[in-house]
Amino acid sequence: MNRYHINVFYSEEDGGFIADTPDLENCSAFGETPQKAIEEMMIAQKLWLDDAKESGREIPPASYKPIIYRAG
């Protein structure tokens with residue numbers, strides 16, 4: 001499986017941590033801790049990719065890099 005970037009942030013509204021994968025549209029997960037959000041995100045990524053394969057959708061390459069990692 002490709003290594004997709006995962007963003008994790010705290011959501012006051014949800015009262016926990018949200019993890020998302022920018023390369024996979026609408027792929028996100030929730031956890032009470034950052035680690036739990038990442039664990040749930042790994043499950044969500046697998047489900048997203050399995051569904052894309054089954055339905056014949058294109059699977060995007062892992063390309064997202066946060067701005068702090070981009071050389072100027």
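For this chain, numbers begin at 1 and follow the sequence in order. Since we're looking at a predicted model, the values are computed, not measured.
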How long is the straight-line distance from [atom2] of [Y] back to [atom1] of [X], given to the nearest 0.5 Å?
X     : Y     : atom1 : atom2 : answer
Lys53 : Glu58 : NZ    : CD    : 14.0 Å
Cys27 : Leu49 : SG    : CG    : 7.5 Å
Ile38 : Asn7  : CD1   : CG    : 10.5 Å
Ile6  : Leu24 : CD1   : CG    : 9.5 Å
Thr33 : Glu40 : OG1   : CD    : 9.5 Å

Requested in this report: Name the orientation class of the two ring planes belonging to His5 and Tyr64 (parallel below 30°, tilted from 30 to 60°, perpendicular beyond 60°).
Outcome: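 Tilted.
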Should [X] and [Y] be counted in the same cluster of Ile, Leu, Val, Met, Phe, Trp and Tyr side chains packed under 4.5 Å apart?
X     : Y     : result
Phe17 : Met42 : yes
Trp48 : Ile43 : no
Met41 : Tyr10 : yes

Report task. List the steps and the verdict of side chain to side chain contact (heavy atoms under 4.5 Å, CB included) for Ser63 and Asp23. Result -> CA-CA 7 Å; Ser63 64; Asp23 286 323; 3.2 Å; yes
Query - Smallest separation among heavy atoms of Ala37 and Ala29, with atom names - result: O-CB, 4.0 Å
Report task. Check Arg3 against Ala62 and note the closest heavy-atom contact, atom names and distance. Result ->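 Answer, listing the atom of Arg3 first, then Ala62: O-CB, 3.2 Å.
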Requested in this report: Give the intermediate values and the outcome of side chain to side chain contact (heavy atoms under 4.5 Å, CB included) for residues Ile18 and Val8.
Outcome: CA-CA 6 Å; Ile18 305 294; Val8 179; over 6 Å; no
